[in-house]
Amino acid sequence: MMVKKSVIHREELSFRLLRTALFLLPPVTAFYLMQFLYGAWPWQTAPGAALANVICVGALYFLMCGLTGRPAVCCVLLHILCGLWGTANYFVALYRGSPVLPWDLTALGTAAAVSGSYSYRPTWQMAVGLALIAGLIWLLRGCAWAGRSGLRTRAVCLLAGALCLVPVVQTERLGAFGVKTDVWDQVGAYRTGGALAVFLRNTEFMQVEEPEDMSPQRLGQILNQVVPEEPAAVGAERPNIVAIMNESWADFEEFGNLSLSESVTDTFRTLDNGVWGHAYTSVFGAGTSASEFEFLTGNSMAFLPSGSIPYQQYILDDAPSMASLLREAGYRTLAFHPGERTSWQRDRAYPRLGFDQFKCGEDMDVPQSMEHGYVSDRSDFEQIIWEFEHKAEGEPLFLFNVTIQNHGSYTVEDYPTRVQLTDAPGKYPMAEQYLTLANETDRAFQQLIDYFSRQEEPTILLMFGDHQPSVEQGFLDLAYGVTQEQMTMEQYMGKYYVPFVIWANYPLPGTGPETTSLNFLGQYLLRYAGIAGTPYGDFLWQLQEELPALTFVGYTDAAGRAYSHLETNDFTARIEDYQRLQYNNLFGGQDRLAAFFDPESGGATGG
């Protein structure tokens, strides 16, 4: 009898231990599974940060257990959800250079529109993770200790879940565990701080903080320092203006480290009456709408949260831009993108920025030819020509075009590669596919130039890249001549370096900048078109004379030296003034200085 009681006691003890393990271990194992599928090893996450992530995962698990009373089902579901989160972050980081950020949740439609062009090849970690989840399901099936919980246990779970929710809701508390964001290296931050906890900490930046000293007196002092700029004297009055932001257009040849079977930048480097150089962007591998925002408005992503999407977060009402300025000057304003109408919510943002009309891929009036699954630049540029041939005679046209041909990924297996690295052909297939596409862009742009060269109506063209492409890291290291870990600040900014070219069928005044940034580039276009800007544009023109480039990543001075926004120097006060003006422009409300920013108040006129 005593032996039987002892056996029963051991069975009860074993049951309780297994039951306790089922409630305590899943948040731990699910977190490490998430990190494993993301590509991080357990020892890369500090113990404090790991605990913070376990608590956040535990909030979900305990609440599910309390609500359903089925810990086994919740355990499996938790591991699946964490596995999916780790996998999603792996692929997003792979193709755009940064993991999932809070603002991405507002752009799910855009992501879905282009997701089909990417290749999702599972890693060996994903295969192992799938096997582990299958093993977990097998282990928990039919076990008595994994059965339904009683009301008392469920109440305890709900209480535990509520306690674990505290750092999820009050994310600043995660800092006590050592969880920090790194706007310069979100991929690394997710690896060392945990893909869930760092994501939650990033939500703290969804609101833009008001700069110090936004008093009317301080803003007035800034305005008093702005000297009105006269537009350049050009031999054309209100010329047609075409601004082409070319998807992922980069100039890897500029770094001088590649040997290609043929150049992919012949056209813009050899144009007669062309001004070309390079501009710094604020994004790498993705984030096209951020580059649009900077170019069209003159505002900078430097003063907005990492990964934020201005079209969806900040352009919620009518906002001044190059389009509204030119519309006020008598231009018809047209935006054209041969992709999805709702991508980045352009269909909402463009009218607010002053565009009279927005055409997308389904609105094209010319036949569509495709390159690796996207509308080709050749067809894109033919639509531009169509618009000019069908516009009202004598009406100046501003056409802003965002291309799509060179969009990633570059993994179409049957796409013919015509440009290769001569010393390592076939080693970097994604890069060679991209270079082949860039070569097609170069040829198509030459045909566009040839067309407008024959036109009598004065027209000026600008083409620039929105960001560099996300291709093999080995190729990027080769192109830059240095690995990312060894980069100086100047070399790191090289990741955000894209070409631009300005051409007109009338003489251009003077020479253009060798280096600028997208928020300043629009001022050069207006100047070469003989169009007067707003006082805000005058401020930007004066600022770029001192700081030719200013982006989210950093800025450069007139001597070409690069600086991080983390350092304080003689330029800090000027940059802070820029931040104050931009904040007033975007978020000033009733205190917004409309006369400084808006074209109808600023007095834009043709030159």
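Numbers here simply count residues along the sequence, with the first being 1.
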Please tell me whether [X] and [Y] have a donor and an acceptor in their side chains that are separated by less than 3.5 angstrom.
X: Ser259; Y: Thr422; value: yes
X: Ser282; Y: Glu294; value: yes
X: Ser453; Y: Asp450; value: no

Search all heavy atoms of [X] against all heavy atoms of [Y] and return the closest pair with its distance.
X: Ala93; Y: Val187; result: CB-CG2, 4.0 Å
X: Asn569; Y: Tyr555; result: ND2-OH, 2.9 Å
X: Leu304; Y: Pro310; result: CD1-CG, 4.2 Å
X: Thr516; Y: Phe520; result: OG1-CB, 3.4 Å
X: Trp344; Y: Tyr311; result: O-CB, 3.4 Å
X: Tyr415; Y: Glu371; result: OH-OE1, 2.6 Å

With a 4.5 Å heavy-atom cut-off, do [X] and [Y] have their side chains touching?
X: Asp557; Y: Phe571; answer: yes
X: Phe252; Y: Tyr434; answer: yes
X: Pro429; Y: Thr417; answer: no
X: Ser308; Y: Met301; answer: yes
X: Phe381; Y: Ser376; answer: no
X: Val283; Y: Asp466; answer: no
X: Gln35; Y: Thr45; answer: yes
X: Leu521; Y: Leu462; answer: yes

Look up atom [atom1] in [X] and atom [atom2] in [Y], then write down how far apart they are to the nearest 0.5 Å.
X: Thr488; Y: Met493; atom1: OG1; atom2: CE; answer: 11.0 Å
X: Met430; Y: Leu476; atom1: CE; atom2: CG; answer: 9.5 Å
X: Asp577; Y: Gln582; atom1: CG; atom2: CD; answer: 13.0 Å

Angle class for the [X]/[Y] ring planes (parallel below 30°, perpendicular above 60°, tilted otherwise)?
X: Tyr38; Y: Tyr190; value: tilted
X: His407; Y: Tyr374; value: tilted
X: His278; Y: Trp276; value: perpendicular

Between [Y] and [X], is there a salt bridge with N-O shorter than 4.0 Å?
X: Glu254; Y: Arg269; result: yes
X: Glu440; Y: Arg418; result: yes
X: Glu413; Y: Arg121; result: yes
X: Arg346; Y: Glu292; result: yes

Tell me every residue that passes ring pair (Phe, Tyr, Trp, His ring centres under 6.0 Å) with Phe303, counting only those two or more places apart in sequence or in another chain.
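Counting only residues at least two positions away or on another chain, Phe303 forms a ring pair (Phe, Tyr, Trp, His ring centres under 6.0 Å) with Tyr578.
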For Tyr280, enumerate each residue passing the ring pair (Phe, Tyr, Trp, His ring centres under 6.0 Å) test, keeping only those at least two apart in sequence or located in another chain.
Tyr497
Does [X] reach the main-chain N or O of [Y] with its side chain, forming a donor-acceptor pair under 3.5 Å?
X: Asn401; Y: Ile244; answer: no
X: Asn505; Y: Phe452; answer: yes
X: Asn519; Y: Phe295; answer: no
X: Gln468; Y: Val498; answer: no
X: Thr572; Y: Thr568; answer: no
X: Glu567; Y: Ser564; answer: yes
X: Ser379; Y: Val375; answer: no
X: Tyr480; Y: Tyr492; answer: no
X: His337; Y: Val402; answer: yes
X: Gln44; Y: Trp41; answer: yes

Walk me through whether Trp503 and Met463 qualify under side chain to side chain contact (heavy atoms under 4.5 Å, CB included).
CA-CA 9 Å; Trp503 175 91; Met463 187 166 78; over 6 Å; no
Taking side chain to side chain donor-acceptor pair (under 3.5 Å) as the test, write out the residues that go with Asn439, two or more places apart.
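Only Glu262 meet the side chain to side chain donor-acceptor pair (under 3.5 Å) criterion with Asn439.
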Tell me, yes or no, whether the heavy-atom count around Glu514 atom CD, taken from other residues, nucleotides or ligands under 6.0 Å, exceeds 12.
no
Go through it in stages, so that I can follow the logic: the residues are Phe475 and Glu432, the test is side chain to side chain contact (heavy atoms under 4.5 Å, CB included), and I'd like the CA-CA distance, side-chain angles, deciding distance and then a yes or no.
CA-CA 10 Å; Phe475 170 82; Glu432 290 183 342; over 6 Å; no
Taking only residues two or more places apart in sequence, or in another chain, which ones meet Thr267 in a side chain to side chain contact (heavy atoms under 4.5 Å, CB included)?
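Only Leu271, Asp442, Phe445, Gln446 meet the side chain to side chain contact (heavy atoms under 4.5 Å, CB included) criterion with Thr267.
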Which pairs of donor and acceptor atoms, one on a side chain in residues 536-552, lie under 3.5 Å apart (sequence neighbours left out)?
| unit_1 | atom_1 | unit_2 | atom_2 | d |
| --- | --- | --- | --- | --- |
| Tyr536 | OH | Asn299 | OD1 | 2.7 |
| Asp538 | OD1 | Glu229 | N | 3.4 |
| Trp541 | NE1 | Glu545 | OE2 | 3.4 |
| Gln542 | OE1 | Val227 | N | 2.5 |
| Gln542 | NE2 | Gln225 | O | 3.4 |
| Gln544 | OE1 | Tyr524 | OH | 2.8 |
| Gln544 | NE2 | Trp541 | O | 3.0 |
| Glu546 | OE1 | Arg574 | NE | 3.2 |
| Thr551 | OG1 | Val553 | N | 3.0 |
| Thr551 | OG1 | Gly554 | N | 3.4 |
| Thr551 | OG1 | Gly554 | O | 3.3 |

Run the side chain to side chain contact (heavy atoms under 4.5 Å, CB included) test on Phe268 and Phe500 for me, step by step, so that the C-alpha distance in whole Å, both residues' side-chain angles and the decisive distance to 0.1 Å come before the verdict.
CA-CA 8 Å; Phe268 84 86; Phe500 75 84; over 6 Å; no
Could you walk me through whether Phe91 and Trp85 pass ring-ring contact (aromatic ring centres under 6.0 Å, His included), step by step?
CA-CA 10 Å; Phe91 281 119; Trp85 182 248; over 10 Å; no
Worked check of side chain to side chain contact (heavy atoms under 4.5 Å, CB included) between Val264 and Glu253
CA-CA 8 Å; Val264 300; Glu253 295 171 75; 3.2 Å; yes
With Glu247, the side-chain hydrogen bond (donor to acceptor under 3.5 Å, both in side chains) member among Thr288, Thr403, Thr441, Asn406:
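Of the listed residues Thr288, Thr403, Thr441, Asn406, the side-chain hydrogen bond (donor to acceptor under 3.5 Å, both in side chains) partner of Glu247 is Thr288.
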Test of understanding: with salt bridge (charged side-chain N to carboxylate O under 4.0 Å, His left out), list the residues that count as partners of Arg191, not counting sequence neighbours.
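Counting only residues at least two positions away or on another chain, Arg191 forms no salt bridge (charged side-chain N to carboxylate O under 4.0 Å, His left out).
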